[in-house]
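Chain identifiers are assigned alphabetically (A, B, ...) following the order of the sequence lines, protein sequences preceding nucleic acid strands; residue numbering begins at 1 within each chain.
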Protein chains: 2
Amino acid sequence: MRTLELRGKSVVLVDQTLLPGKLKFIKCNSANSIARVIREMRIRGAPALGVAAAMALAVAALNSGTKSGRALLHELRRAADKIRRTRPTGANLFVGLNRVLKAALKAGDVEEMKWVVVREVRRIADEDVRANKRMGRHGARLIKNGATVLTHCNTGALACVDYGTALGAIRAARERGKRVRVIVTETRPLCQGARLTAWELKRERIPVTVITDGAVGHAMERGLIDLVMVGADRIAANGDAANKIGTYTIAVLAKEHRVPFYVVAPTTTIDMGTPTGEKIPIEYRASREVEFMGGKRLVPKGVKVLNPAFDITPARLITAIVTERGVVKPSELKEFMLGR
Amino acid sequence: MRTLELRGKSVVLVDQTLLPGKLKFIKCNSANSIARVIREMRIRGAPALGVAAAMALAVAALNSGTKSGRALLHELRRAADKIRRTRPTGANLFVGLNRVLKAALKAGDVEEMKWVVVREVRRIADEDVRANKRMGRHGARLIKNGATVLTHCNTGALACVDYGTALGAIRAARERGKRVRVIVTETRPLCQGARLTAWELKRERIPVTVITDGAVGHAMERGLIDLVMVGADRIAANGDAANKIGTYTIAVLAKEHRVPFYVVAPTTTIDMGTPTGEKIPIEYRASREVEFMGGKRLVPKGVKVLNPAFDITPARLITAIVTERGVVKPSELKEFMLGR
């Protein structure tokens with residue numbers, strides 16, 4: 001099942017805020033509405049955002065009434081600007097937009113441009129699925145038969161177009177006949193681990209146990225975890241990786257307990273233009289994500305909340321990065337990317 | 001304000017599950033009803049549980065119709081057995097019960113026994129407040145002017161009879177004219193940090209910021225935290241400390257960032273009969289604490305949850321333990337306790 005598709009002149013995507021209670025699809029007919037669902041995190045996950053951003057341009061093109069290529073290009077650039085302002089940390093969103101704009105530049109008239117844009121967007125979506133499957137193959141080799149993998153947040157079909165990054169590797173291990181168990185953190189504040197990862201794994205009948213973010217240290221100390229696999233929103237040239245808040249804490253614990261810590265992400269997440277993790281902008285989100293739970297106020301009114309959406313895991317805490325082109329040590333990332 | 005009091009033949013205590021929305025007091029007229037409020041965590045915090053357990057025996061004594069001292073002693077022992085089965089990890093609960101039973105043993109007839117029990121219970125409550133104030137004095141010296149303290153869960157007046165342990169030290173620093181800021185983890189699953197600590201500090205006008213448990217690593221890495229102060233539910237003879245789940249994770253992060261990590265607890269929390277942290281029984285609580293948020297299901301039905309209420313922080317990660325009798329390194333705890 002693709003969680004995100006271009007259908008006719010619309011984008012159809014799963015509303016991830018309603019899971020696991022409800023599996024509902026949203027239809028977006030404009031770049032504006034896609035920007036809104038991204039901001040509201042109805043869709044999230046770096047690879048999914050890359051594809052959704054590209055699809056926003058396809059929707060803008062397909063619904064445009066303009067007659068000149070130049071005017072359409074202008075509209076596409078404006079749409080891209082809107083999407084760019086939604087979420088600053090992930091790399092894929094920017095990559096997706098730039099790739100579609102670059103393709104559009106090569107077209108002559110309006111009709112050719114629309115056609116080129118849609119073709120490029122379909123390629124991006126298909127490549128995402130193919131990259132996931134290849135990453136899965138590489139990642140599955142790192143999972144021994146009978147292993148328990150700790151994962152954080154959601155890196156499954158919902159975070160991509162289909163299959164997943166870290167969850168893709170787990171799926172692939174299982175498809176190759178390995179017994180594999182998963183422990184997933186609930187991943188506060190929006191609980192993508194408890195809500196989405198548990199939901200995906202249950203559907204796949206892969207045994208999964210949910211723990212609170214605070215219980216990771218205890219679980220490692222008790223020897224319950226054999227390896228960690230997480231996704232990434234942006235990987236800097238030196239191998240530092242931005243991912244969902246809480247990832248850095250898990251990486252420090254993994255080092256303390258000598259548990260291997262793998263980042264599974266497509267090469268589109270690797271941003272050679274960002275030299276180190278320090279240069280990755282961290283998104284701080286609204287306090288209300290932490291203040292309320294199921295509509296009930298938890299934090300007393302007037303008390304400050306700090307709600308970073310991401311943190312940076314330094315390269316030295318990452319055992320290896322699993323990409324669609326193979327497994328690489330963070331220290332060898334530059335050579336690996338140049339050798340492409 | 002005492003959060004827990006013996007009034008007439010009843011115990012009156014704050015219902016901590018309703019805060020910060022509602023400040024409501026519950027009246028308990030039997031040891032059974034006190035056992036229930038302890039199990040439901042309407043009252044929690046190791047020192048508060050020590051006093052509440054003792055008060056359960058006072059209530060049992062005061063409401064008993066028996067005419068013989070021997071029969072009353074039997075009733076008290078049965079009541080103590082019930083309370084003992086509520087929560088296994090914290091030391092103070094057992095200390096409180098044993099102390100009252102020991103005092104009761106010395107009484108002659110029923111009336112004397114009731115009087116002796118009530119006197120002992122009042123002493124325990126008063127000593128808790130005095131110990132908190134003394135701990136606060138010792139702890140305040142460790143907080144520099146302008147410092148930001150990270151704390152976890154709730155160790156304030158609500159966790160004790162009044163004032164608090166780690167929060168007592170913060171209060172004391174403020175009373176001595178120091179500028180102090182607090183960052184508190186929300187402390188999943190029951191969010192005592194977000195709900196109770198934020199509520200207490202707001203009332204005291206001490207600046208407080210709530211973060212998710214997963215954001216501690218990020219906050220330390222950004223240099224936002226000068227020291228950590230937490231409470232303890234049981235400290236073993238070798239200095240290992242059991243405390244709210246998530247504490248061990250914070251201690252590992254503190255070591256990684258060279259941030260001092262202090263445990264603030266009365267000597268009643270130190271259990272010389274437990275040689276190491278490995279011997280402290282860890283309570284695992286019901287899955288539903290994690291599964292639901294504000295009545296809304298987060299974890300898909302049928303997915304397993306592991307919900308440890310505590311974890312063990314090894315002595316090597318603890319900079320010092322702050323007690324009412326002074327500050328001690330965990331490695332010197334045995335001599336310190338013998339020197340009493």
Is the side chain of A:K202 donor-acceptor paired with the backbone N or O of B:K301 at a distance under 3.5 Å, no angle test?
yes

NZ of B:K178: more than 12 outside heavy atoms within 6.0 angstrom?
yes

Look at the aromatic rings of A:H218 and B:Y284 and report parallel, tilted or perpendicular, splitting at 30° and 60°.
tilted

If you count heavy-atom pairs under 4.5 Å between each of A:T209, A:I312, A:T212, A:N307 and chain B, which one has the most?
A:T209

Any salt bridge between A:R316 and B:E256, counting N to O under 4.0 Å?
yes

Which residues, numbered in order, of residues 289-299 of chain B come under 4.5 angstrom of chain A by heavy-atom distance?
B:V290, B:M293, B:G294, B:K296, B:R297, B:L298, B:V299

Residue B:L201 versus chain A: region with a heavy atom under 4.5 Å:
neither

Under 4.5 Å between any side-chain heavy atoms of A:V210 and B:V303, yes or no?
yes

Donor-acceptor pair, A:T249 side chain versus B:G217 backbone, under 3.5 Å?
yes

Using a cut-off of under 4.5 Å for heavy-atom pairs, which of A:L224, A:V305, A:I250, A:V216 has the most such pairs with chain B?
A:V305

Using side chain to side chain contact (heavy atoms under 4.5 Å, CB included), reason through B:E221 and A:T313 one step at a time and then give a plain yes or no.
CA-CA 10 Å; B:E221 188 269 325; A:T313 299; over 6 Å; no

When rounded to the nearest 0.5 angstrom, what distance separates CG in B:L253 from CG in A:L253?
6.0 Å

Please state whether the side chain, the backbone, both or neither of A:L19 comes within less than 4.5 Å of a heavy atom of chain B.
neither

For chain A, find which of B:V252, B:D213, B:L196 contributes the most heavy-atom pairs closer than 4.5 angstrom.
B:V252

Taking only heavy atoms into account, what residues of residues 184-194 of chain B are found under 4.5 Å from chain A?
B:E186, B:R188, B:P189, B:C191, B:A194

Relative to chain A, which segment of B:I183 carries a heavy atom at a distance below 4.5 Å: side chain, backbone, both, or neither?
neither

Is the number of heavy atoms from other residues, nucleotides or ligands within 6.0 Å of CD (A:E40) greater than 12?
yes

What part of B:K255 lies closer than 4.5 angstrom to a heavy atom of chain A: side chain, backbone, both or neither?
side chain

